[in-house]
Every structure is written in C-alpha cells, then in structure tokens.
Novice: 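Mind having a look at this structure? Questions to follow.
Here the structure is a predicted model, which means the values were calculated and not measured. Below, all heavy atoms of this structure are taken into account, side chains as well, without hydrogens, waters or symmetry copies.
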Amino acid sequence: MNLIKVLQYVFLGVIQGFTEPIPISSSGHLLIFKNLFNFDMLNDINFEIVVNFGSFIAICFLYRKEIISIIKDFFMFIKTKKDTYKENYKYAWLIVIGTIPAGLFGIILKDKIDAVSDNVKLVGIALLITALALFLIKDFKGKKAKNEITIFDSIIIGLFQVIALFPGISRSGSTIVGGMTRDLKRDSAVNYSFMLYLPISLATMALGVKDLIETPNISSLALPYTLGMIASAIVTYFSAKWFINIMKKGKLGYFSIYCLIVGILVILFL
C-alpha cells in the first residue's frame, strides 16, 4: 500500500478522533469526507470499528480514575453493603440500563441502518436535526448531579442514544440532549454520555472482531488500520477534554450552528 493511501487512513482516523466526543456525528463526518475526497477504498465497516476502538481507548484513559472507582465500588458494595460504595454501585447499574435500548434496537434495526449507512443526503438531514436539538437545549443548565440520576432518567437518555444509531445523528449530542431534558447538570450530562459510550463501543468492537480477522487483505491493512486507530485515540483524548470545557461554559450553540451549516452544504452539494 502506497504512502498516500496510508495517509488517507490516518486522516480519517483524525476525523473520527475529533468528531467522536463532540455533538456533530463522527459516523456522519466519516461518510462526508469519504464522499468529498472520493475515498472509495476506505468504504468498509472494519476501519470504522478500528478507529472507534481508538476513541474508546482515549475515553477510558481520560476517565480512568472514575471508571476504576465505579468498578471497585460496585463489587465492594456487593461484598460489604456499605453506603460508602452505594453511589457508584447505583451509577454502574444506570450505565447498564442506559445502554440496553441502543443495544436492543441496534440488533433489531441493523439491516435498516446498514441500508442507509452510505446515504450522504440523509446525513445532511440528520445534521439539521442535530442542529435543532442542540439549539433547543443550548441554554439548559439542569439541577441533577450524578447521584440524583434516576432509573427513568437513564431509560430516557438510553432511548435518545437509539436515535444516534443512524448516521448523522450525533451519539454524544443525542445523549447530552436527553440528559439535559431530564434536568441533569451540564457536567453530569456529559460525563454520563461518555459512560454510555464505553459499553456500546466495546460491544461494537467485540462483534466486529470476527469480520476483521476474516478480512481477505488484513495483512496489508494492518499498518494503516493501526495508524488510523492511534491517530483516532490521540485526537479523541484532546477533543474530549476540549469539549468538556466547552460544556462547562454552556457553548453548545456553536455546535448547533456548525451542524446547520454543514447539513445544508451536504444536502446541496454532495
């Protein structure tokens, strides 16, 4: 594989990394750039799974202390029943509950999602929907902290994540919108959004391992896939930190404007 093609994989890894944590749809942007630059040979689901795993690694590293605390407290509460560990025990179950809707609907709607996954016009429309949703909640502040999230809240937010199964609908955007409509504080909404991302991403990677291994030309793709994953991981880490800071300042309106402009351009020109 020549250098130009390898760099194309790295470029899309960067796009994945930058767009995954922020509410503008990583899958939608990958499709947009593939069409914009005619990256036909990159039109495979395996690459998207690999770069998504890069984002997974970055989010795990960013939230490593909280993840370790949640896992440790979960099992410690089971063992001791002490109130000290109860908050994270409950939070762990809220993550599981919030993940279930997307998992179930992902299986049920897989064929329909696959059928529209390469329709760039639909991505444009989806970005307009994302723009509207972000605009409607851009000034929400919320009152609920992490320990005040209810089971019903997690179900509703999980249902919002189902919408993001379709290309162009931002996963982080939909779950944050869901969280804000349930009166979560901005930091609680974005943290819970990232927590919901982890099991979904891990399951996607696990389900795709078989297809990845059976790819006929996997040996020739090993280098560009790896470089794309590394690029995705590095960029995701810094993009996520930047977005968390943006959320604290309540500047979601900027992303609404961006999605509106890009959505219109995609519909008109791609």
Novice: Is there a continuous path of hydrophobic side-chain contacts, each under 4.5 Å between heavy atoms, that joins Ile59 to Ile68?
Specialist: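 No, it is not one cluster - the side chains of Ile59 and Ile68 are not joined through contacts under 4.5 Å.
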Novice: Taking everything shown except Lys65 itself, do over 12 heavy atoms lie less than 6.0 Å from its NZ?
Specialist: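 Incorrect, the count does not exceed 12.
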Novice: Do Tyr192 and Tyr197 have side-chain heavy atoms sitting under 4.5 Å apart?
Specialist: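 The answer is no, as the side chains (C-beta and beyond) never meet within the 4.5 Å cut-off.
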Novice: Between Phe61, Phe18, Phe243, which is the residue that forms a ring pair (Phe, Tyr, Trp, His ring centres under 6.0 Å) with Tyr237?
Specialist: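 Exactly one option meets the ring pair (Phe, Tyr, Trp, His ring centres under 6.0 Å) with Tyr237, and it is Phe61.
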Novice: How many angstroms lie between CG in Asn119 and CD1 in Ile125, if you round to the nearest 0.5 Å?
Specialist: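 CD1 of Ile125 is found 7.5 Å from CG of Asn119.
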Novice: Start with the C-alpha distance between Lys185 and Lys146, add both sets of side-chain angles, then the distance that settles side-chain contact (heavy atoms from CB on, under 4.5 Å), and finish with yes or no.
Specialist: CA-CA 8 Å; Lys185 292 180 180 179; Lys146 168 185 172 181; over 6 Å; no
Novice: What about Ile200 and Val51, same hydrophobic cluster or not, with Ile/Leu/Val/Met/Phe/Trp/Tyr joined at side-chain heavy-atom distances under 4.5 Å?
Specialist: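 Each belongs to a different hydrophobic cluster.
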Novice: Which heavy atom of Ser55 sits nearest to which heavy atom of Gly17, and what is that distance?
Specialist: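 For Ser55 versus Gly17, the nearest heavy atoms are OG-CA, 4.3 Å.
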Novice: Which pair of non-hydrogen atoms, one from Pro101 and one from Gly158, has the smallest distance, and what is that distance?
Specialist: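 Heavy atoms only, the tightest pair is CB-O, 3.6 Å.
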Novice: Does Ile129 belong to the same Ile/Leu/Val/Met/Phe/Trp/Tyr cluster as Leu268, with side-chain heavy atoms less than 4.5 Å apart forming each link?
Specialist: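 Result: yes, single cluster for both.
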Novice: Under 6.0 Å from the ring centre and within 45 degrees of the ring axis: does the NZ or CZ of Lys138 meet both conditions for the six-membered ring of Phe135?
Specialist: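 Yes; both conditions hold, so Lys138 lies above the ring face of Phe135.
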Novice: Any link between Val116 and Ile107 through a network of hydrophobic side chains (Ile, Leu, Val, Met, Phe, Trp, Tyr) touching at under 4.5 Å?
Specialist: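 Different hydrophobic clusters.
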Novice: Taking side chain as C-beta onward, heavy atoms only, is Thr130 less than 4.5 Å from Ile24?
Specialist: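 Thr130 vs Ile24: side chains apart.
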Novice: Are any of the side-chain heavy atoms of Ile49 and Tyr225 separated by less than 4.5 Å?
Specialist: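 The answer is no, as the side chains (C-beta and beyond) never meet within the 4.5 Å cut-off.
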Novice: May I have the step-by-step check of side-chain contact (heavy atoms from CB on, under 4.5 Å) for Asn52 and Met205, ending in yes or no?
Specialist: CA-CA 8 Å; Asn52 183 69; Met205 184 65 186; 6.0 Å; no
Novice: Any heavy-atom pair between the side chains of Ile267 and Leu128 that's under 4.5 Å?
Specialist: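 In contact.
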Novice: Measuring only between side-chain heavy atoms, which start at C-beta, is Leu136 closer than 4.5 Å to Leu132?
Specialist: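 Side-chain contact under 4.5 Å: yes.
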Novice: Which distance, rounded to the nearest 0.5 Å, do you find between the CG of Leu109 and the CG of Leu165?
Specialist: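 One gets 7.0 Å once the value is rounded to the nearest 0.5 Å.
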Novice: Would you please classify the geometry between the Phe37 ring and the Phe11 ring as parallel, tilted or perpendicular, with 30° and 60° separating the classes?
Specialist: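 Phe11 and Phe37: perpendicular rings.
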Novice: Using the benzene-type ring in the case of Trp, are the ring centres of Tyr91 and Phe74 under 6.0 Å apart?
Specialist: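 That pair fails the under 6.0 Å test.
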Novice: Drop me the distance from Gln8's CD to Leu3's CG, to the nearest 0.5 angstrom.
Specialist: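 Rounded to the nearest 0.5 Å, the CD-CG separation comes out at 10.0 Å.
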Novice: Per the side chain to side chain contact (heavy atoms under 4.5 Å, CB included) rule, which among Ile169, Leu30, Leu31 passes with Val123?
Specialist: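 The side chain to side chain contact (heavy atoms under 4.5 Å, CB included) with Val123 is passed solely by Leu31 among Ile169, Leu30, Leu31.
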Novice: Would Ile70 end up clustered with Ile78 when hydrophobic side chains under 4.5 Å apart are linked, directly or stepwise?
Specialist: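 Result: yes, single cluster for both.
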Novice: For side-chain contact (heavy atoms from CB on, under 4.5 Å), just list the numbers for Leu159 and Ile155, CA-CA rounded to whole Å, side-chain angles, deciding distance to a tenth of an Å, and then say yes or no.
Specialist: CA-CA 6 Å; Leu159 290 173; Ile155 293 172; 4.3 Å; yes
Novice: Side chains of Met76 and Asn88, heavy atoms from C-beta outward: is any pair under 4.5 Å?
Specialist: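 Not touching, per the 4.5 Å side-chain cut-off.
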Novice: Okay, side chain of Ser193, backbone of Ile176: is any donor-acceptor separation there less than 3.5 Å?
Specialist: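 No, Ser193 side chain to Ile176 backbone: no donor-acceptor pair under 3.5 Å.
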Novice: Kindly say whether Gly178 contributes a backbone atom to a donor-acceptor pair with the side chain of Thr181 at under 3.5 angstrom?
Specialist: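 Yes; at least one donor-acceptor contact below 3.5 Å.
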Novice: What pair of heavy atoms forms the shortest contact from Ser26 to Glu20, and how long is it?
Specialist: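 Where Ser26 meets Glu20 most closely, the heavy atoms are OG-OE1, 2.8 Å.
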Novice: If only side-chain N and O atoms count, and only distance matters, is there a donor-acceptor pair under 3.5 Å linking Ser25 with Ser170?
Specialist: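 Judged by distance alone, the side chains do not pair up.
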Novice: Tell me, which pairs form a side-chain hydrogen bond (donor to acceptor under 3.5 Å, both in side chains) where one or both residues lie in residues 239-264, sequence neighbours left out?
Specialist: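 Found His29-Tyr258.
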Novice: Which atoms form the tightest heavy-atom contact between Pro199 and Leu196, and what is the distance?
Specialist: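 Scanning both residues, the minimum pair turns out to be CD-O, 3.5 Å.
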Novice: With no hydrogens and no angle check, is any side-chain donor or acceptor of Asp153 less than 3.5 Å from a backbone partner on Ile149?
Specialist: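 Not a single qualifying donor-acceptor pair exists.
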Novice: Side-chain contact, heavy-atom cut-off 4.5 Å: Asn147 with Lys90?
Specialist: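 Asn147 does not reach Lys90 side chain to side chain.
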Novice: Start with the C-alpha gap between Thr175 and Arg171, add the side-chain angles, then the distance that decides, and say whether side-chain contact (heavy atoms from CB on, under 4.5 Å) holds.
Specialist: CA-CA 6 Å; Thr175 49; Arg171 192 215 59 82; 3.7 Å; yes
Novice: At what distance, to the nearest 0.5 angstrom, does CG of Asn191 lie from CD1 of Ile244?
Specialist: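 The CD1 atom of Ile244 is 6.5 Å from CG of Asn191, to the nearest 0.5 Å.
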Novice: First locate atom CD1 of Ile57, then atom CD1 of Ile230, and finally report the distance between them rounded to the nearest 0.5 Å.
Specialist: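 Taking CD1 in Ile57 and CD1 in Ile230, the distance rounds to 9.0 Å.
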Novice: Say whether, by atom type as modelled, one donor and one acceptor occur between the side chain of Ser232 and the main chain of Gly228 under 3.5 angstrom.
Specialist: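 Checked: no pair found.
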Novice: Got a second to check how far Glu87's CD is from Asp83's CG, nearest 0.5 Å?
Specialist: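 If we round to the nearest 0.5 Å, Glu87:CD and Asp83:CG are 11.5 Å apart.
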Novice: Can you say whether the rings of Trp93 and Tyr89 are parallel (under 30°), tilted (30 to 60°) or perpendicular (over 60°)?
Specialist: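 Plane angle over 60°, so perpendicular.
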Novice: I want to know whether Phe77 and Tyr85 have ring centres closer than 6.0 Å.
Specialist: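 Distance test on ring centres: not under 6.0 Å, no.
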Novice: Looking only at non-hydrogen atoms, find the nearest pair between Gln161 and Ser174 and report the distance.
Specialist: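 In terms of heavy atoms, the two residues are closest at CA-OG, 3.9 Å.
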Novice: Does a salt bridge link Glu148 with Arg182, judged by any charged N lying under 4.0 Å from a carboxylate O?
Specialist: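 Not counted as a salt bridge, because no side-chain N and carboxylate O are separated by less than 4.0 Å.
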Novice: Could you check whether any side-chain heavy atom of Ser188 comes within less than 4.5 Å of a side-chain heavy atom of Lys144, counting everything from C-beta outward?
Specialist: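 Sidechains of Lys144 and Ser188: no contact.
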Novice: Looking at Ala126 and Gly168, what are the two nearest heavy atoms and their distance?
Specialist: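 Minimum heavy-atom separation between Ala126 and Gly168: CB-C, 3.4 Å.
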